[in-house]
Amino acid sequence: MSTTEQRVAIVTGAARGIGAATAVRLAAEGRAVAALDLSEEACAGTVEQITAAGGRALAVGCDVADAEQVTSAVARVAAELGPPEILVNNAGVLRDNLLFRMSESDWDTVMNVHLRGAFLMTRACQSHMVDAGFGRVVSLSSTSALGNRGQVNYAAAKAGIQGFTKTLAKELGKFGITANAVAPGFIATEMTAQTADRLGVTFDDLQQAAAQEIPVRRVGRPEDVAAAIAFFTGEEAGFVSGQVLYVAGGPLS
Ligand code: NAD
């Protein structure tokens, strides 16, 4: 690849929240971006924001937990934008419940989207990265990986992402591919708004309470996480691999 060619990035869960901010940020850094989410229509806003700023973007509908959909989505990106050399495994869901109330479906849904999804997407993209001799995989973990009440499913999946990432770093490093994880704390998105609903408090109150516990005295924004992801995807980050970067407004106590 010549240095004037644009690298192609896929961001999963890019219809809103952290994924949308990441897609916009990577496009601002000159990447062509496939914004992938459950439906193509849901990604229209993200794609419009990128193209209005002069970037190249493609909306792709795909359930990351479905192997056939993942294979065709990655093939479509390769055909319409170019071979993907950057992958951000960001798609996620919550199915919070205390253990005794957690259903098998709550468990399976979270495992399927976060872990099976990251596995399928990375497996589908890796041959393009190996061919290019360059690749960047960034997967979303969470401070919940360290344990969080009501989230045995999510905590296990987000801890799993860390083991997945370190193993990818060991297997794929010799092909010029790095793998890192970003582990956010409280970020104001639809996901944390859902948590406020579940707890029966307003989203404002939840954010204010969370901010009191965070050393920088504010909750995170999707752009805070996008900036960390952008670092790991950069051309100059090739010697940083297998790391977990907590983006949480302070150290973890
Ligand atoms: P969000 O709910 O706002 O967005 C998640 C996106 O993923 C949605 O657009 C949704 O449609 C998409 N998605 C869900 N299932 C999918 C599937 N099967 N296939 C494709 N797309 C799918 O969430 P967010 O807060 O932006 O979170 C993004 C990532 O960051 C998630 O992995 C989440 O676990 C992680 N995270 C978020 C926080 C936070 O405080 N918001 C903290 C730590 C980690």
Side-chain angles (χ1 to χ4, degrees), residues 10-25 34-47 59-70 72-74 77 87-96 108-121 124 138-148 151 153-162 164-165 181-199 203 206-207 209-211 213-214 218-226 228-229 244-249 252:
I10 299 181
V11 181
T12 72
R16 66 185 195 204
I18 294 168
T22 301
V24 168
R25 170 72 191 243
L36 183 152
D37 210 293
L38 284 169
S39 83
E40 193 173 319
E41 299 72 50
C43 297
T46 307
V47 166
V60 180
C62 170
D63 176 351
V64 296
D66 182 303
E68 278 181 24
Q69 289 187 38
V70 165
S72 30
V74 171
V77 172
L87 170 65
V88 182
N89 287 311
N90 167 82
V93 288
L94 293 181
R95 292 290 183 274
D96 294 356
D108 291 343
T109 300
V110 166
M111 292 302 146
N112 283 342
V113 177
H114 295 270
L115 281 181
R116 183 177 159 85
F119 156 64
L120 292 174
M121 286 297 307
V138 183
S139 303
L140 272 288
S141 178
S142 166
T143 50
S144 294
L146 303 170
N148 198 26
Q151 293 195 318
N153 51 359
Y154 186 79
K158 291 309 199 186
I161 285 288
Q162 298 190 9
F164 174 73
T165 294
V182 171
F186 189 115
I187 311 297
T189 67
E190 294 276 330
M191 187 174 269
T192 36
Q194 277 172 30
T195 302
D197 275 352
R198 183 176 62 85
L199 298 174
F203 192 31
L206 184 67
Q207 291 185 64
E213 305 299 318
I214 298 171
R218 68 170 177 87
V219 298
R221 295 182 285 262
E223 292 72 19
D224 292 318
V225 184
I229 295 170
V244 179
L245 179 60
Y246 285 90
V247 179
L252 304 167

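Here, residue 1 is the first one in the sequence, and each next residue gets the next number. In each ligand, atom 1 is the first atom listed, and ligand 1 is the first ligand listed. Just so we're clear, the structure is a prediction, and the values are computed from it rather than from any experiment.
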**Fill in**
Within the heavy-atom cut-off of under 4.0 Å, ligand 1 is lined by G13, A15, R16, G17, I18, D37, L38, C62, D63, V64, N90, A91, G92, V93, V113, H114, L140, S141, S142, Y154, K158, P184, G185, F186, I187, T189, E190, M191, T192
**Message:** Are V138 and N89 packed together at the side-chain level, in the sense that at least one heavy-atom pair is separated by less than 4.5 angstrom?
**Reply:** no
**Prompt:** Is I161 close to L140 at the side-chain level, that is, under 4.5 Å between some pair of heavy atoms?
**Reply:** no
**Item:** Aromatic ring pairing H114/Y154, orientation class (parallel under 30°, perpendicular over 60°, tilted between)
**Value:** perpendicular
**Message:** When you compare the side chain of T143 with that of L252, does any pair of heavy atoms fall below 4.5 Å?
**Reply:** yes
**Carboxylate-amine/guanidinium contact R95 D108, below 4.0 Å** = no
**Message:** Do T22 and V225 have side chains that approach each other closer than 4.5 Å (heavy atoms only, starting at C-beta)?
**Reply:** no
